[in-house]
Amino acid sequence: MMDDDFYRTLQNLLSHMESSQTTEDDYHHKTDADVQLHQLSISDLSAQILDVSRSSNMQWLEVHPDTLELIKKTLEPKLSSKFSPSKLVSGELAYPIQTQKPRYLKDFDKINIFLHKEFQVKIPSHRYLKLQEERQKLPTWEMRDQIISTLNNHNVVIICGMTGCGKTTQVPQFILDDALKSETFNANIVCTQPRRISAMSIAERVAQERDERVGRVVGYQIRLDAELSLFTRLLFCTTGIVLRRLEDDPLLEGVSHMIVDEVHERSEQSDFLLLVLKKLLRRHSHLKVILMSATIDARLFSDYFNKCPVIEIPGKTYSVKQFFLEDIIEKTNYRLDYGSDYAKRDSLPFDYHLMYQKRELPLELRPDAYLNEDELQSRYEKHRRQTVSTLARMDLDCINYELIIHLLEWIVNGEHKDLLEDGAILVFLPGIQEIQNTFEMLQASREFSKENYAIIPLHSSYSSEEQKMVFRPTARGMRKIVLATNIAETSVTINDVVFVVDTGVMKEKRYDPEKGMLSLDLIRVSKTNAIQRMGRAGRVQAGVCFHMFTSHMYQHELRDHPKPEIQRNSLEQVVIRTKILPIFRKYNAQKVLRSLINPPAPESVEQAVDFLKHLGALDSASELTALGYHLGSLPVDVRIGKLMLYGTIFRCLDATLTIAATISFKSPFIIPFKKKEEAAEKKKEFETNNSDILTMLQAYKTWWLSRAARDYHFCKKNYLSYKALEMIKTLKQQYVENLSDIGFIRKGIKTRDVQSQSSYISDGVWEITGPEVNVNNENMELLSALLVAALYPNIIEIVPQATNLSGSGERVSRTKFKTEKGEYVDIHPSSVNFQHYFKIGSFLVYHEKVKTKKVYIRDCSLVSKFSLLMFAGGKITITGSSENIIVKIDDMIMFKVRTIETAALLKSLRSKLDQLLSDKISQPDMDLIRCSDSESIINCIVQIISDPRMSAKDYVEEVEDFC
């Protein structure tokens, strides 16, 4: 507890500092004597404090007198500037997005009359009738009257139909056609799609079927791109666009029909949108909601919407022949050598005994991977022994690139009279790295290096223009091979695709509470995914699908449906969304998320709320801050988003974007088998500031300098992954567009603009963003400090541990690493800090925590105590007594200081910084560089962080055999 004298002294000093925020007019009314009295009062008050004695269980924060003078000078009132930012609420922070609210348009009714008359003229035209003949061939056409009738009598309808039945393109048109019969129609249809490419391609297809150009009656809207007009009455858009619209238009004014397509994917956004729509239906009685999917648990969704009707669309337009792994091996005569990289290891997987020791499954249910050759022959008795022998040797858990190439060669050159000869090929792969691997192997092969093949990669990270390349017809004599992730799984029709190769794996976002971060894990697809992939081959003609997993795996091992993303994801973004949307703003996040169709665990919601408070995205009352609003607008993990914003403010943007991309993806360092020591030595050559993350930054920067020479050789020599570095570059360039989109840097910058500035010595980020936001790129102490802002509360403190020496009564001081929750951990052997000895009382910030034989922290960085005071989230308090002055952060991190003036100055500087950051984040276009108050605060903090006397470097010393 504080003693009374200490408390009064602290309150007086802090009140004096607050009163120093004087306007220019007030200052002119003060005499010189008043100013001197004010300065003397601080000295007199600080002189009242007695010297304090050291405490054995708390570390000192030593602040040099010059540093205190710098802080006092920075906090003095400025005569030259008078800055008082306007207070904003979160609803005012959004940059307006293009919305479609025709009810509010003065000429809405006139336009509808015009559209009705235009449509009546078009109906009998020969060209239009010809297009309708194609529509009428689709199975969905037969259900047209039933769909319209059901919609007229119910607010919510579920429509299920096999891939290729035409529901995505036809159901919205049925509603529009029915509305256009009347000149007083009131239809305004919005159809959500899970991906940008789907929204664009479907809009173009529907517009074509209606004999018009996209952007008129039929339009689309995706992030940073739109084709719509005052005439648009059918809009295809991504789910995120609707959620953004709800921020300013909570009742979806003007929308008559909301179609949510591909609900089977169970994305976080689509599940959350269903929750919004369910609540909205109580207020918007005229809104019609249609849920559509090829594969869906219809009863689950029907019950969620009060047992709404379900319409099943039978059949599909074209048949698809289906083959599994055992059939592929048989048909192509594929053989696998024992020494192959794709062969099964000698021993069974580690989890074999865990799976079957406690519960013995019948032989017919055991996975293929755990059967011997005779057992497999019994299971696949119709296949040749040679086929079964290959299957028995194969590692079924890895992607067999050799078999992919072999199968593609067989498709284009093999004898298969029972199958089609020509047609494009679509290969499903889990991620961009696997796409790159396959692309390079195709380019290196004798067959596919020929000029008559167009090999086109397709990934969500590519621009809209790059994605559209898959739809373009190839020249005569050319054969298209598309290498895609599950972006091509739903609502994307590539007309010339006849063959589909399904590797049976995908990357799924999962939240690991131990690491505290999202990860992309390689997993088996569900049956729903497999069916969707197969359907891509039968869109406009009969097709063939090759599944690279066995029929037994399909029947007995694959999940029926994917696990809802909201149950396997971190919830920070969705909690922020509950705070942004007006419809939920007055409720707490726990109550809102309990109403989801498959709600997450309550403890996961609580964990997300607590984390957002530490991050500064929510205040102590769980209300959204300005920072929280912008983090909700960035399509990245909230920690990475905060690092990006702070990098802009502290003028080290290029470096922080590299760090953000590295944290998002993975380390560029690789550790080859049997070469761990050599790889570790090479990694040490890049070591920077006792930081794994800054070491990765240094490797990336050095790699760019090597690109003018032989960069592949550079990567091989230094044990760096070229593909990982390329991916970091791609993510970094995209982040520039994200920051531009929310106004933190010059608006209007696109990823392609950054790429156009790229050269052999730069990735284009510095050139496109300019020098003003990059002057501190080389300040490693500052970058370490900003890691605190992004990763807090992932902090460990080095604490003493007394150990008895064997054979004597003496004790030697050793150290342990303690997390903010009191857990003891170890630094991972792969860290550059593994064999460093850190002094007691020093701190490290870390990226993730992993558990193997021990609990390890990965990607850690040494940070100074001053960095913690300035950037650790939470509240700073001063406590103790005149003999024991303590500065605390969130009651988790505590330091002793020499005088109460030091404590008060540090607290006041932090308060000034917090206010400045809040103002900037509330007003992204606010120019900190040309505002003397804000510039002086930032410069003061950067100068102190960069001061060797405040550095963390004194906290470490080398010990060769330390462990």
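For Thr528 (side chain) and Asp560 (main-chain N/O), a donor-acceptor pair under 3.5 Å exists by modelled atom type. Remark: side-chain polar atoms of Asn486 are not paired, donor with acceptor, to backbone N or O of Glu489 under 3.5 angstrom. Although no hydrogens or angles enter the test, the distance criterion places no donor-acceptor pair under 3.5 Å between the side chain of Glu204 and the main chain of Ser201. Not one N or O on the side chain of Lys321 forms a donor-acceptor pair closer than 3.5 Å with the backbone of Cys545. Side chain of Ser229 to backbone of Phe231: a donor-acceptor contact under 3.5 angstrom is found. Panel note: side chain Glu227, backbone Gln221; no donor-acceptor pair is recorded below 3.5 Å. In this structure, the side chain of Thr140 engages the main chain of Cys165 through a donor-acceptor pair within 3.5 Å. The backbone N or O of Leu287 lies less than 3.5 Å from a partner atom in the side chain of Asn155, making a donor-acceptor pair. Ser633 places a side-chain N or O within 3.5 Å of a backbone atom of Tyr629 that can act as its donor or acceptor partner. Listed for the Thr238 side chain is no donor-acceptor partner under 3.5 Å among the backbone atoms of Ile222.
For the atom pair CG (Leu273) and CG (Leu280), the distance works out to 9.5 Å, reported to the nearest 0.5 Å. To the nearest 0.5 Å, the span separating NZ on Lys288 from CG on Leu151 amounts to 6.5 Å. Atom CG of Leu243 sits about 5.0 Å away from atom CZ of Arg577, to the nearest 0.5 Å. Atom CD in Gln173 sits 10.5 Å away from atom CD1 in Ile175 (nearest 0.5 Å). Note that CG of Asp261 and OG1 of Thr168 are 3.5 Å apart. Values are rounded to the nearest 0.5 Å. Taking CD of Gln590 as the start and CG of Leu571 as the end, the distance is 10.5 Å to the nearest 0.5 Å.
Residue pairs satisfying the ring-ring contact (aromatic ring centres under 6.0 Å, His included) criterion with at least one member in residues 143-177, sequence neighbours excluded, are listed as follows: Trp141-Phe174. The stretch residues 236-264 participates, sequence neighbours left out, in no ring-ring contact (aromatic ring centres under 6.0 Å, His included) pair at all. Sorted by first and then second residue, the ring-ring contact (aromatic ring centres under 6.0 Å, His included) pairs involving residues 563-594 (not counting sequence neighbours) are Phe272-Phe584.
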Gln193/Thr239 under side-chain contact (heavy atoms from CB on, under 4.5 Å): CA gap, chis, key distance, verdict: CA-CA 6 Å; Gln193 294 296 321; Thr239 311; over 6 Å; no
Salt bridge (charged side-chain N to carboxylate O under 4.0 Å, His left out) between Glu262 and Arg195, worked out: CA-CA 10 Å; Glu262 310 297 354; Arg195 297 175 183 87; over 6 Å; no
Worked check of side-chain contact (heavy atoms from CB on, under 4.5 Å) between Ile425 and Val482: CA-CA 6 Å; Ile425 306 168; Val482 179; over 6 Å; no
Derivation and outcome, salt bridge (charged side-chain N to carboxylate O under 4.0 Å, His left out), residues Arg135 and Asp177: CA-CA 13 Å; Arg135 290 180 62 192; Asp177 291 343; 3.3 Å; yes
Stepwise side-chain contact (heavy atoms from CB on, under 4.5 Å) test for Asn738 and Ile742: CA-CA 7 Å; Asn738 298 147; Ile742 64 172; over 6 Å; no
Audit row: Arg245, Asp248, salt bridge (charged side-chain N to carboxylate O under 4.0 Å, His left out) steps and yes/no: CA-CA 6 Å; Arg245 175 171 176 169; Asp248 299 312; over 6 Å; no
Met258/Leu277 under side-chain contact (heavy atoms from CB on, under 4.5 Å): CA gap, chis, key distance, verdict: CA-CA 9 Å; Met258 177 62 69; Leu277 293 174; 3.8 Å; yes
From CA spacing to verdict: salt bridge (charged side-chain N to carboxylate O under 4.0 Å, His left out), Arg524, Glu508: CA-CA 9 Å; Arg524 283 287 177 189; Glu508 186 176 81; over 6 Å; no
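Contact of the Ile159 side chain with the Ile313 side chain is registered, since non-hydrogen atoms from C-beta on lie closer than 4.5 Å. Using a 4.5 Å heavy-atom threshold, the side chains of Leu235 and Leu228 count as touching. Side chains of Lys579 and Arg585 form no contact here, defined as non-hydrogen atoms less than 4.5 Å apart. Residues Ile487 and His459 are not in side-chain contact: their nearest non-hydrogen atoms beyond the backbone lie 4.5 Å or more apart. In this structure, Arg144 and Gln170 have side chains that are not in contact, with every pair of non-hydrogen atoms separated by 4.5 Å or more. Considering only heavy atoms from C-beta on, Leu274 comes within 4.5 Å of Phe305 through its side chain. You'll find the side chain of Val575 reaches within 4.5 Å of the side chain of Leu593, heavy atoms only. Proximity of Val525 to Val505: side-chain heavy atoms (C-beta onward) are nowhere separated by under 4.5 Å.
Between Asn188 and Ser256, the side chains place no donor N or O within less than 3.5 Å of an acceptor N or O (distance only, hydrogens not considered). Between Gln208 and Arg205, the side chains place no donor N or O within less than 3.5 Å of an acceptor N or O (distance only, hydrogens not considered). Using a 3.5 Å distance cut-off with no hydrogens or angles, the side chains of Arg233 and Asn112 do pair a donor with an acceptor. A donor-acceptor pair shorter than 3.5 Å can be found between the side chains of Ser570 and Glu572. At a cut-off of 3.5 Å, with distance as the only test, a side-chain donor of Asn569 or Glu268 sits close to an acceptor on the other residue. For the residue pair Asn529 and Ser526, a side-chain donor N or O sits within less than 3.5 Å of a side-chain acceptor on the partner. Side-chain contact check for Glu737 and Thr751: at least one donor-acceptor pair (N or O, by modelled atom type) lies under 3.5 Å.
Put simply, the residue from Arg533, Arg536, Lys527 that forms a salt bridge (charged side-chain N to carboxylate O under 4.0 Å, His left out) with Asp502 is Arg533.
Of all non-hydrogen atoms in Asn598 and Pro564, the two that sit nearest each other are OD1-CG, 3.9 Å. Shown here for Ala542 and Val498, the closest heavy-atom pair between the two residues is O-CG1, 3.8 Å. Smallest separation of non-hydrogen atoms from Ile576 and Gly628: CG2-O, 3.4 Å. Scanning all heavy atoms of the two residues, the minimum distance from Ala187 to Ala179 falls at CB-CB, 3.5 Å. For Thr232 against Gly215, the heavy-atom pair with the smallest separation is OG1-O, 3.7 Å. Nearest heavy-atom pair, Ile531 versus Tyr554, reported as atom, atom and distance to 0.1 Å: CG1-OH, 3.7 Å.
Atom CZ of Arg299 is surrounded by 12 or fewer heavy atoms from other residues, nucleotides or ligands within 6.0 Å.
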